[in-house]
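Input: a single structure, listed below in structure tokens.
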Amino acid sequence: MVLLSPPPGAKGAGVNSLHLVIRNALVATASDTFPCDIGIRDGRIALLGAGLPAGDREIDARGRTVTPGGVDAHCHLDQPMDGPARMADDFITGTRSAACGGTTTVIPFAAQAKGQSLAAAVQDYHARAEGKAAVDYAFHLIVSDPTPRVLAQELPALIARGYTSFKVYMTYDDLKLDDGQMLDVLDVARQHGAMAMVHAENADCIAWLTKRLEAAGRTAPRWHAQARPMLVEREATHRAIALSQLVDVPILIVHVSGREAIEQIRWARAQGLQVFAETCPQYLFLTAEDLGIDDSYHGARCICSPPPRDKGNQEVIWNGLADGLFTVFSSDHAPFTYEGEHGKKPGGEEVAFRHIPNGIPGLETRLPLLYSEGVLGGRITLQKFVELTATNPAKAYGLHPGKGTIAVGSDADLVVWDERELVLRNEQLHHAVDYTPYAGMRLKAWPGLTLSRGEVVWDGQSFTGRAGHGRFLPCGQPSLLPRRA
Ligand code: DUC
Ligand code: ZN
Ligand code: ZN
């Protein structure tokens with residue numbers, strides 16, 4: 001446990017004193033690891049160095065690694081849903097859970113329903129978040145209805161107001177765009193310097209496979225993975241790359257699940273195209289077998305899209321994290337309970353896989369899983385961990401250097417790591433979901449302390465933050481994109 005203690009003698013001296021000093025930290029950034037004290041004033045990092053003057057409060061971090069607070073750039077909270085499904089986490093429980101797992105910035109999605117104005121979707125989403133967040137938050141947009149008004153007016157106006165990234169879907173009936181619509185939306189990203197995120201799966205192939213599986217009576221959760229084989233992700237990834245090439249705009253392919261999609265991205269990079277990529281814990285730690293090896297319903301817990309693949313693909317994802325193929329590592333937290341009528345059993349019933357809401361919880365476990373199995377497991381460096389979980393997501397979505405690094409002037413969003421053995425149980429988590437797919441895993445570390453703008457929001461035992469502390473962050477131009485004049 002990290003101890004909070006008063007300073008050993010002197011008190012801070014007046015307005016220029018440090019409000020908090022973290023002593024003897026082993027600070028890790030995306031480029032370096034170095035021992036130093038961290039001096040915090042007014043929620044920002046004010047000084048870095050050895051032997052800093054006394055602060056009003058002090059934390060002794062001797063022997064501990066300190067990383068930037070995580071930036072989870074792909075999570076779903078309180079997103080309006082069609083039908084009986086309802087997300088279990090709102091901004092209160094979702095950001096509380098984030099804080100307890102070391103994440104200090106979340107970027108969920110203001111989703112446009114077809115027929116709805118994009119501006120109205122943003123306004124509604126602000127109302128859902130207002131006064132509830134325990135950590136800072138920004139919004140991506142989801143563009144599902146690119147009308148002439150959305151393309152010419154709403155989207156450019158929103159980008160100018162700090163919503164500088166949006167997601168487009170190539171599947172899901174209520175969200176998907178056709179190729180022409182994709183081109184129109186990508187062109188807006190190019191003209192206005194926004195980051196376009198793409199969910200790449202071929203909708204028609206999925207519908208065709210689903211119909212055949214259902215006709216054969218194959219409706220149990222495990223068949224979800226058969227309805228969305230790697231081929232449908234590979235084809236859509238290739239098509240998304242081609243569309244972005246035609247428009248001449250960078251894209252970021254989200255939740256990449258395995259080798260065939262990666263091959264497309266490597267090919268694109270070899271052509272000199274700017275294609276960024278994201279992956280998520282489910283593609284490192286789950287396989288299609290977690291959706292079931294028989295017709296039992298338990299596997300509904302692990303239904304997400306794209307589905308988890310196999311051990312071989314997990315290795316390919318690990319390699320992509322280590323060698324720079326992946327830009328960001330996000331949770332794709334999509335919180336549905338297993339029991340109850342709004343989650344994985346719509347209306348309280350066991351249903352055919354096509355009716356099971358897609359997604360798994362992961363906001364709180366994202367950082368500990370990657371730190372434990374990636375860094376302490378010897379698969380990625382500490383620098384790569386920081387880059388993937390904090391620095392690059394902040395850069396990709398226009399929040400750097402305020403977020404995502406440890407530097408003078410940056411927000412004092414920090415994680416002090418506690419390297420100790422633990423067995424993960426859902427009861428220790430702070431989300432509103434009744435399961436974690438990772439229950440029973442042996443981990444080697446957990447955040448011992450999380451600070452959001454200098455406030456301790458997780459003390460290693462309990463959530464110590466408060467709803468309403470988190471602020472909305474308007475995003476700047478993504479710094480991974482070419483600079484606009
Ligand atoms: N897939 C998505 O595209 N979004 C939420 C969850 C999921 O599994
Ligand atoms: Zn998606
Ligand atoms: Zn998602």
Side-chain angles (χ1 to χ4, degrees), residues 72-83 85-89 94 98 106-113 125 139-144 165-177 182 185 195-203 206 210 221 224-225 227-228 232-233 236-237 240 251-258 261 276-286 288 290-291 299-309 328-338 342-344 346 353-363 365-366 393 396-397 431 433 435-437:
D72 195 337
H74 184 160
C75 54
H76 302 268
L77 297 175
D78 199 13
Q79 192 175 308
M81 305 288 301
D82 280 344
R86 201 177 298 157
M87 291 195 173
D89 280 318
V106 295
I107 319 183
F109 297 84
Q112 179 198 28
Y125 208 47
F139 292 167
H140 303 294
L141 309 172
I142 288 175
V143 183
S144 69
S165 50
F166 52 78
K167 183 174 176 189
V168 288
Y169 285 79
M170 299 171 83
T171 190
Y172 294 135
D173 289 344
D174 53 339
L175 296 170
K176 72 178 182 213
L177 305 187
M182 290 266 295
V185 176
M195 181 65 87
M197 310 159 74
V198 181
H199 178 130
E201 287 184 297
N202 180 312
I206 294 167
T210 302
H224 171 86
R228 308 175 99 99
V232 311
E233 185 182 346
T237 301
I251 52 168
L252 189 148
I253 309 280
V254 294
H255 44 52
V256 171
S257 74
F276 303 107
E278 172 203 79
T279 194
C280 314
Q282 47 271 40
Y283 308 116
L284 292 175
F285 302 111
L286 302 178
D290 290 298
L291 275 63
R301 289 176 171 85
C302 295
I303 282 195
C304 59
S305 295
R309 307 294 179 186
V328 292
F329 184 75
S330 311
S331 68
D332 198 6
H333 179 82
F336 299 102
T337 57
Y338 181 66
H342 300 302
K344 297 287 186 174
F353 71 82
R354 79 149 86 197
H355 302 295
I356 299 172
N358 282 203
I360 58 179
L363 253 177
T365 45
R366 176 185 72 120
Y397 302 115
H431 57 196
V433 184
Y435 75 97
T436 167

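Just follow the structure's listing: the first ligand is 1, and inside any ligand the first atom is 1.
Atom numbering of ligand 1 starts at 1 in the shown order; those under 4.0 Å from a heavy atom of Ala334 are 5 (C), 6 (C). Listed by atom number, the atoms of ligand 1 under 4.0 Å from His255 heavy atoms are 3 (O). Under a 4.0 Å criterion applied to the non-hydrogen atoms of His199, ligand 1 contributes the atoms 2 (C), 3 (O).
In this structure, Lys167 is part of the shell of residues with a heavy atom less than 4.0 angstrom from ligand 1.
Summary of contacts: the protein heavy atom closest to atom 1 (N) of ligand 1 is Ser305 O, 2.9 Å. For atom 2 (C) of ligand 1, the closest non-hydrogen atom on the protein side is Tyr172 OH, 3.6 Å. Taking atom 4 (N) of ligand 1 as the reference point, the nearest protein heavy-atom neighbour is His76 NE2, 3.6 Å.
Under the 4.5 Å side-chain criterion, counting only non-hydrogen atoms from C-beta, Pro108 is in contact with Tyr125. Using a 4.5 Å heavy-atom cutoff, the side chains of His431 and Leu363 are not in contact. With a 4.5 Å cut-off on side-chain heavy atoms, Asp78 and Met87 do not count as touching. The side-chain heavy atoms of Pro393 and Phe329, taken from C-beta on, include no pair separated by under 4.5 Å.
Between the Zn ion (ligand 3) and His255 there is no N/O/S contact shorter than 2.8 Å. The nearest N, O or S atom of Lys167 is closer to the Zn ion (ligand 2) than 2.8 Å.
Residue contacts with ligand 1 for Cys304 involve both N, CA, C or O and side-chain atoms from C-beta outward (heavy atoms, distance under 4.0 Å). With a 4.0 Å heavy-atom cut-off, ligand 1 is reached by no atom of Ile303.
Applying the side-chain hydrogen bond (donor to acceptor under 3.5 Å, both in side chains) test between Ser305 and each of His224, Glu233, His255 identifies His224 as the sole match. Shown are Thr279, Ile107, Asp72; of these, the side-chain contact (heavy atoms from CB on, under 4.5 Å) with Ser330 is made only by Asp72.
Atom ND1 is the N/O/S atom of His199 found closest to the Zn ion (ligand 2).
The CZ atom of Arg228 lies 3.5 Å from the CD1 atom of Ile206; values are rounded to the nearest 0.5 Å.
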His76 and Phe336: CA distance, side-chain angles, deciding distance, side chain to side chain contact (heavy atoms under 4.5 Å, CB included) verdict | CA-CA 10 Å; His76 302 268; Phe336 299 102; over 6 Å; no
Decide side chain to side chain contact (heavy atoms under 4.5 Å, CB included) for Val328 and Phe276; before the verdict, give the C-alpha distance in whole Å, the side-chain angles of both, and the deciding distance to 0.1 Å.
-> CA-CA 8 Å; Val328 292; Phe276 303 107; over 6 Å; no
When you look at Leu175 and His199, which way does the side chain to side chain contact (heavy atoms under 4.5 Å, CB included) test go after all the steps?
-> CA-CA 10 Å; Leu175 296 170; His199 178 130; over 6 Å; no
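For a threshold of 3.5 Å applied to N or O pairs, the pair formed by His74 and ligand 1 contains no separation below that value. Considering both main-chain and side-chain atoms, Tyr169 never comes within under 3.5 Å of ligand 1 through any nitrogen or oxygen pair.
Rounding to 10°, one obtains 90° for the angle at the Zn ion (ligand 3) between OD1 (Asp332) and NE2 (His76).
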